[in-house]
Structure formats: structure tokens, C-alpha cells
Undergrad: 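Before we start, here is the structure in question, set down as C-alpha cells.
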Amino acid sequence: MRTLVSLLLVFVATACAYDRSYEEARRMLSEGQPLEGLAKLEQAVKDNPRNTTYRAALIRERERVAAAFVMQGDASLKASNLDLAAAQFKEAKRIDPDGFRSNAGLQEVERARRHAERIKEAEAAFEQKDFAGAESILRAVLAENPYHSKARELLRKVVETTVAAEPPPTLKTPYKKPITLEFRDAQIRTVFEMLSKTSGINFVFDRDVKPDAKITIFVRNTTLDDVLKLILTTNQLDRKVLNDNSVLIYPNTPAKQKDYRDLVVRSFYLANADVKQASAMVKAMMKTQDVFIDEKLNLLVVKDTPDVVRLTDQLVRTLDLAEPEVMLEVEILEVARTRLQEIGIRYPGSVNLQGQGTATGGTTASTIPIDSPMIFTTANPALVFNLRASVGTTNLLANPRIRVKNKEKARIHIGDKVPVFTSTATANVGVSTSVSYLDVGLKLDVESQVFLQDEVAIKIGLEVSNIIETITVATGTGSTVAYRLGTRNANTVLQLRDGETQILAGLISDEDRRSSQRIPGLGDLPMLSRIFGSSLDNRAKTEVVLMITPRIVRNLMRPEGVQAEVPVGTDNYPGLPPLRIGKTAPGSLALAAPRTTGGGPAQETVRDVPTAAATPLVLGVTAPERAQGEFAVEVSIPPVVPTRAARVDLQFDPKQLQAVDPVAAMPGKASVNFTGEASSRSVRFKVLPGATGAAAITVTDVEVVDRDGFAIDVTAPPPVSVKLGN
């Protein structure tokens, strides 16, 4: 017996120790100590391997903790924290060695590290302008991971830079020089011949250009670019730049435009706008017919001239905007108070006098003899004593939050769906019963519109209903259940500021009902009304209060880089740049119109080119070879043409120098202003402590205006270098 008792005590103590380990493990797991809790569970299973409860808990918690570490690893991997992600995936693998998600995560970390090294190589190649090598590396990375955001962004930069590195051909500097033309009824080819001889630009004519076309033009001090635009536009011609000194002239007709105008294709991936609306807008505004859409990808592809495609980009960016959204915080409070009191004695409403008939077949005979005895009958029970009083209070609070897009409807229903059964007799089938549901409770319909001034217009429809009475209607085939509902409705439209709370109150229902049943005469006595009658007092009062607060989650943001008014060309040629003549300085090349003497043929004359136009003006910048402390840099304008104002911008290293007079507007940049006829000014610089080596001072911009307000073309000199120190 002693041995059995000892063994029993040892068994009980061991079981209690196991239970303590299990409970401690559960406590650690609930307190956010997963590793310690798993260790306790493993120890409990090791001490009691036959306990299925412990083993099931260990398997369950092991999978849960491993899954948590895998989720943390995925988040760290997404944040590009590869070391932390690897540690978390390894911990998940240690907890659950057979888990495939941890192994896949470790492989993903290794691939991300390899891709990071390849991205660095691509960035280095991009900095060295090896665009082909960078593109090859990036496409290899995207072949393994098409959603690599950094690789996609860098590839976009490489492609854009590659396109920008090969710009379309433009004419060289003489194309921007000012000229003066005076021609009257001259042949257009003669005018182009004189322009070619003077400017050195080659003009090639299409065979359909009319050789006998006449032109009359009088322009002074206008650039060759603007003059060429005027001549081509007024004679229904167009141009195509072949290289830096060659231009093709052809008729501006649809057939020739198809032959000579360069086209480009661009794809627009829309994030928010409907691709069908974008396509309709592009076709209507830009007259573009070559448009392709893909509704699955929300893709818009446009083929047209570069000018039209650039304008299309402006239009698409104004349309592809995220819709505004608003969070509606709604708080609905319904307070109901009821009071019921029924006191008194309820007497029978009628007393019957009838004779005792002969019972036949268990029923009373409908006819009785005249001499049969008479008895009084009444309902059972004859008297009912009513002593009932009840008081109730109901508070219903609903606080939903709903997020809704601009001009979209949202609906909130808090209540019940009450079934309504209807029985219908049909031929050859019998009676069929159908059920429909009736919404009872609180229903709120809202429609919001967000304005740019952070205001929200809200259209509200509130309905509060409850069941007052259940009505059962008997029919030939059964019965139909219906309900009598009490309802309160409120509809309004209001406009609130962001975060402003509006209270809608006053939906009050106050019902007071009083009824009594009493014996006539006796029940009318003031002191005996409770004895000879029964009274019922029923009072119910409910009130509904609605509070709504709009909070704008996202308002309409105007696209950046889009002009308010964008020139779109003409009706016949969308995308054509506006025809403008720029303001230039005097003293330019002059071509005279043909002059006739007597009956001789007309001769073209060319005026002499002034020195100012033939020799470019170069800004003068002089500085000492070596300087310490403070030194001066002299800036001078060549005194060829009297000036009215000028401005020169200088750039330098802010770590070496500091502009003292005039003071630099921002570090590393100083502006020198000339007024009147001043042709030179000095700029004082201070050598910063510790600055050594050579400091470069570069002219970044020059603007010179003569007395008449015309701009003078002045060329910036090469940078000057000043050695700092002794």
C-alpha cells in the first residue's frame, strides 16, 4: 500500500509539473515570446511524448511562429533590408525545417543580393555613358524579376537618355543670326538662293515646289529661323532639317506630309483614367486617327508626329488623375424610453342568458323547449385583476466609418431583414409559399462630392423604421403575414469643410396612449374607477441623433509640369508650333529686293555685313593668376554697340570662394548687373580658409540689351582659373 501511494504521489507531481510547463508555454506565447514559448512546449513534449494535446499544440504553434517569421522576412525583403530578411528566414527554417516558404525566402534573398550587384554595375556603366552595356545588364535582371522597381526605373532612364543622346538634326549657329530682307515680287527660289549664299545653309527643293512662285517680304533684324517660317507658311510650304546645314523644302499638302513628316509611337499606361475616354479625347482634340487601346492593360498607344505626341502627353496627364476619396465618420444615436401601466379589475364585456338544451352528439341543441330552465353564462375567467407596470430604456449606438469615392453612393444598414411569407394557389401544383425580406432598422444613404477647396458636399438620406404590429391575413389557401412599420425619414444636402462635424437631430417620436375598460356608471365614480374598471397607460418616446464628419483622404491634385494653356497648332495641322518672330539686335545682314534700271533685267544686291554681325562679340573676364585673402575679377562688355542694360551670371566653387561684392544670391552663383552705358564692372571674391588648388570662375549666362531694347548676341568666354594660396 505504501508503495502504491508513493507511486501515485510521484505520478501526480509529474503530471502537475507537465501541466505547469504547458501553461507557462501558453502564457509566453500569449505575451509575445514565441521562441521561449516554443522551447517550453518542446520540453513538455519531450517529458511527456505520449500526450497528444501537447504534441498538437507544438505542431500548431511551430507553424504559426514560422509563418510569422516568414511574413517579417517578406516585409524586410520588400524594404531591401537583405541581412535582416536572411536572418528572419533562417529563424523560420530553424523552427520549421520542412517549410518551403523559408527556403524560398532564402533563395529570394540570394537573388536580390545578386541583382543588387548587377544594378551597381549597370549604374556604373550608365555613369560612364555605356548605355548599351547598362541596358543589357538591366534587361537580364528584369528577365529574372520583371517587377524589380529599381531596375525598371534605371532602364527607363537609360532609354530616355539614349533617345536624348541622338536628338533630331538642327541647323547650326547662322540659322539664329538676324537678317534684313527687302524683296518685292521676287521668285521664291531666288530668295532661297541668296539666303544660301549668305548663311551657308543648303536648301533642297521637292520637285512639286512651283519654280515661278513670287514672294514679297520686308523684314528687319529678324532671325533666319523666323524669316524661313514666314516664307514657308505664307507660301504653303514646309521644311525638314536634314543635317546641321541642309534643309528640305516641300509643299505643305497631306500627301507630302505623309512622305516627309517623321512619326513616333508612344505608349501611355493609364493608372486612373478610363482608356476609352482618353482615346476619345485624343481623337477629338488632336485629330489623331492612329490610336490603339487595350482595356485589360488600360493602355493607350498613339502614333503621330513628335509635336502631337508631346501634346497628347499633356492631355493624358491632365486626365489620368486619381479620383478624390473621403472617409465619412458617422455616429448614430437612438434613445427610446417606454412606460406601461395597467391597473384595475377587468369585468366581462357581456353576460348571456340561455336555456339548457338537449346535448346531441356532444353538441348543444340549437332549439330548446319553452319550459326548459334558463341559465346565465359569461366568459371564463369572469374577472381579471390587472396589476402591471413596466419601464424600459433603450440606447442604440452605431459608429460606422465608410470610405467612398467622389460622386459615388454608399449605403449603411443596421438592423434586421424580416421575412414576409406569401402563399399562392396555382393550378396543378397546389399552394406555393414564397418569402421576401423587408429591411427594418436604420438605413443611411450618402453620396459625396469633394471640391478643390477641401470641402465636401454630402447628400444624406436617413430612415429609421421598426415593427409596430404583425398582421396575419387569412386566405383561402392559408394565411399571409404582413407588418405595420413605423418610420422616420430625413433627406438633406449639406456642404462641410474637411473635419467639420454636422449634427442632425430632432427626429423625435412621442406617443402617449391611454385607454380604460369599466362598468358604465360605477366606473365613472372618481374613487371607485379602479374597482369597477381597468385603465391602461402606454407612453413611448424615441429620438434619433445623427452626427457625420467628412475627412478627405485624397483630393484632386493638379498634374505637375502641365501648362494651363498649351498651344496645339492649327485646325489643319495639330501640333504645329505657333508662328512668332523673335526680337533681335540691329546691325544684321541685309538683302535688298531686285532693282531695275531702264528696261534692263532686275539685279539682286547684297548689303555689306557690319563688323558686329560678322565678328561675334565676346565677353571679357580678367582675373589674377594667384590670389589669397580677397581679389577682384573684372567683367567687361565689348564697346561695339551702346548698351542700356546687361546681366552676367558667374559660377564658382562655394567651398573655395565667397562672393563679397556683389553678394551671391545663392552659394556658388553671383550675378553682375550693368546699367546705362557702363561697360565694365569688378566682382570681389574672398578665399575661404583652408582652400587650396585652383579655383575656376565660369560665365554661365550673358544678357545684353542695346539702347533700343534689342538683344545683342554676346558669347561667353572660357572659364578663368585662379591659383589659391602663396
Undergrad: May I ask you to test the Val672-Val683 pair for a side-chain heavy-atom distance under 4.5 Å?
TA: yes
Undergrad: More than 12 heavy atoms of other residues, nucleotides or ligands under 6.0 Å from CZ of Arg113: is that the case?
TA: yes
Undergrad: Working note: Asp290 + Lys303, criterion salt bridge (Lys or Arg N to Asp or Glu O under 4.0 Å); need CA distance, chi angles, decisive distance, verdict.
TA: CA-CA 5 Å; Asp290 297 333; Lys303 183 182 75 171; 3.8 Å; yes
Undergrad: Under a 4.5 Å cut-off applied to non-hydrogen side-chain atoms, are His115 and Asn145 in contact?
TA: yes
Undergrad: Calculate, to the nearest 0.5 Å, the distance between atoms CG and CZ belonging to Leu82 and Arg111 respectively.
TA: 12.0 Å
Undergrad: For a quick test of reading the model, state the closest non-hydrogen atom pair linking Leu270 to Val275 and the distance between them.
TA: CD1-CA, 3.8 Å
Undergrad: Which heavy atom in Ala92 sits nearest to a heavy atom in Ser102, and how many Å separate them?
TA: CB-CB, 4.0 Å
Undergrad: Salt bridge check: are Glu625 and Lys723 linked by an N-O gap of less than 4.0 Å?
TA: no
Undergrad: Do Phe89 and Phe69 make the cut of ring centroids closer than 6.0 angstrom?
TA: no
Undergrad: Check this for me, if you would: do Asp498 and Arg551 make a salt bridge, where the nitrogen-to-carboxylate-oxygen distance has to be below 4.0 angstrom?
TA: no
Undergrad: Any salt bridge linking Lys686 with Glu630? Criterion: basic side-chain nitrogen under 4.0 Å from a carboxylate oxygen.
TA: no
Undergrad: Do Gln656 and Leu688 have side chains that approach each other closer than 4.5 Å (heavy atoms only, starting at C-beta)?
TA: no
Undergrad: Begin with the C-alpha distance, continue with both residues' side-chain angles, and end with the deciding distance and a verdict on side-chain contact (heavy atoms from CB on, under 4.5 Å) for Phe292 and Val302.
TA: CA-CA 7 Å; Phe292 171 79; Val302 179; over 6 Å; no
Undergrad: For Met286 and Leu311, which heavy atoms make the closest approach, and how far apart are they?
TA: CE-CD1, 3.5 Å
Undergrad: With rounding to the nearest 0.5 angstrom, report the CG to CD distance, Leu321 to Glu323.
TA: 10.0 Å
Undergrad: Is the closest basic N to carboxylate O distance between Asp238 and Lys240 below 4.0 Å?
TA: no
Undergrad: Give the C-alpha distance, both sets of side-chain angles, the deciding distance and a yes or no for side-chain contact (heavy atoms from CB on, under 4.5 Å) between Val648 and Val699.
TA: CA-CA 7 Å; Val648 180; Val699 177; 3.8 Å; yes
Undergrad: Quick check against the 3.5 Å criterion: does Asp320 have a side-chain atom that pairs as donor or acceptor with the backbone of Ala271?
TA: yes
Undergrad: side-chain contact (heavy atoms from CB on, under 4.5 Å) between Asp307 and Val309: does it pass, once the steps are laid out?
TA: CA-CA 5 Å; Asp307 294 331; Val309 170; over 6 Å; no
Undergrad: Whether the side chain of Asn202 engages the backbone of Val247 through a donor-acceptor N/O pair (distance < 3.5 Å, no angle test) should be reported.
TA: no
Undergrad: If the threshold is 4.0 Å, N to carboxylate O, is there a salt bridge linking Asp313 and Arg310?
TA: no
Undergrad: Take Lys405 and Glu325 through the salt bridge (Lys or Arg N to Asp or Glu O under 4.0 Å) test and state the conclusion after the steps.
TA: CA-CA 4 Å; Lys405 280 188 175 183; Glu325 288 188 77; over 6 Å; no
Undergrad: Which class fits the ring pair Phe685 and Phe631: parallel under 30°, tilted 30 to 60°, perpendicular over 60°?
TA: parallel
Undergrad: Short question: side chain of Ser196, backbone of Ile201 - any donor-acceptor pair under 3.5 Å?
TA: yes
Undergrad: For residues Val326 and Leu328, determine if any side-chain heavy atom of one lies less than 4.5 Å from a side-chain heavy atom of the other.
TA: yes
Undergrad: Please check if the side chain of Thr318 supplies one atom and the backbone of Leu315 the other of a donor-acceptor pair under 3.5 Å.
TA: yes
Undergrad: Measure the shortest side-chain to side-chain distance between Asn103 and Lys93 over non-hydrogen atoms and say whether it is less than 4.5 angstrom.
TA: yes
Undergrad: Tell me whether Glu144 is salt-bridged to Arg114, with the criterion being a basic N under 4.0 Å from an acidic carboxylate O.
TA: yes
Undergrad: Look up atom NZ in Lys256 and atom CG in Leu237, then write down how far apart they are to the nearest 0.5 Å.
TA: 12.0 Å
Undergrad: Short question: side chain of Arg684, backbone of Ala659 - any donor-acceptor pair under 3.5 Å?
TA: no
Undergrad: So, Tyr260 and Asp206: side-chain donor and acceptor under 3.5 Å apart, yes or no?
TA: yes
Undergrad: Is Leu300 close to Val316 at the side-chain level, that is, under 4.5 Å between some pair of heavy atoms?
TA: yes
Undergrad: For atom CE of Met327, decide whether the heavy atoms of other residues, nucleotides or ligands shown that lie under 6.0 angstrom number more than 12.
TA: yes
Undergrad: Considering only NZ, NE, NH1 and NH2 on the basic side and carboxylate oxygens on the acidic side, decide whether Arg647 and Asp701 come within less than 4.0 Å.
TA: yes
Undergrad: Is any side-chain heavy atom of Leu657 closer than 4.5 Å to a side-chain heavy atom of Leu724?
TA: yes
Undergrad: Output the distance between atom CD (Glu295) and atom CG (Leu297), rounded to the nearest 0.5 Å.
TA: 11.0 Å
Undergrad: Report yes or no: does Asn555 contribute a side-chain atom to a donor-acceptor pair with the main-chain N or O of Pro324 at less than 3.5 Å?
TA: no
Undergrad: Does a donor on one side chain and an acceptor on the other come within less than 3.5 Å for Asn252 and Gln257?
TA: yes
Undergrad: Are any side-chain N or O atoms of Thr312 and backbone N or O atoms of Val308, one a donor and one an acceptor, separated by less than 3.5 Å?
TA: yes
Undergrad: Name every donor-acceptor pair, under 3.5 Å, that has one atom in a side chain of residues 71-79 and the other anywhere in the protein, sequence neighbours excluded.
TA:
unit_1: Ser76; atom_1: OG; unit_2: Gln72; atom_2: O; d: 3.1
unit_1: Ser76; atom_1: OG; unit_2: Gln88; atom_2: OE1; d: 3.0

Undergrad: Which heavy atom of Ala151 sits nearest to which heavy atom of Val141, and what is that distance?
TA: CB-CG1, 4.1 Å
Undergrad: Could you state the interatomic distance from CG (Leu195) to CD1 (Ile231), rounded to the nearest 0.5 Å?
TA: 5.5 Å
Undergrad: Do the side chains of Leu155 and Leu142 get nearer than 4.5 Å, heavy atoms only?
TA: yes
Undergrad: Could you pull out the closest heavy-atom pair between Val687 and Ala627, with the gap in Å?
TA: CG2-O, 4.3 Å
Undergrad: Shortest non-hydrogen contact from Ile637 to Leu619?
TA: CG1-CD1, 3.9 Å
Undergrad: Any ion pair linking Lys150 and Glu153 (charged N to carboxylate O, less than 4.0 Å)?
TA: no
Undergrad: Please list, one pair per line, the donor and acceptor atoms closer than 3.5 Å that link side chains of residues 117-135 to other protein atoms, with sequence neighbours excluded.
TA:
unit_1: Arg118; atom_1: NH1; unit_2: Glu121; atom_2: OE1; d: 2.9
unit_1: Asp130; atom_1: OD1; unit_2: Gly133; atom_2: N; d: 3.2
unit_1: Glu135; atom_1: OE2; unit_2: Arg139; atom_2: NE; d: 3.0
unit_1: Glu135; atom_1: OE2; unit_2: Arg139; atom_2: NH2; d: 3.1

Undergrad: Evaluate the side-chain contact (heavy atoms from CB on, under 4.5 Å) criterion for residues Val291 and Val301: first the C-alpha distance (whole Å), next the side-chain angles of each, then the deciding distance (0.1 Å), finally the verdict.
TA: CA-CA 6 Å; Val291 178; Val301 182; over 6 Å; no
Undergrad: Determine yes or no for a side-chain-to-main-chain donor-acceptor pair under 3.5 angstrom, with Asp649 supplying the side chain and Thr700 the backbone.
TA: no
Undergrad: How long is the straight-line distance from CD of Glu408 back to CG of Asn406, given to the nearest 0.5 Å?
TA: 8.5 Å
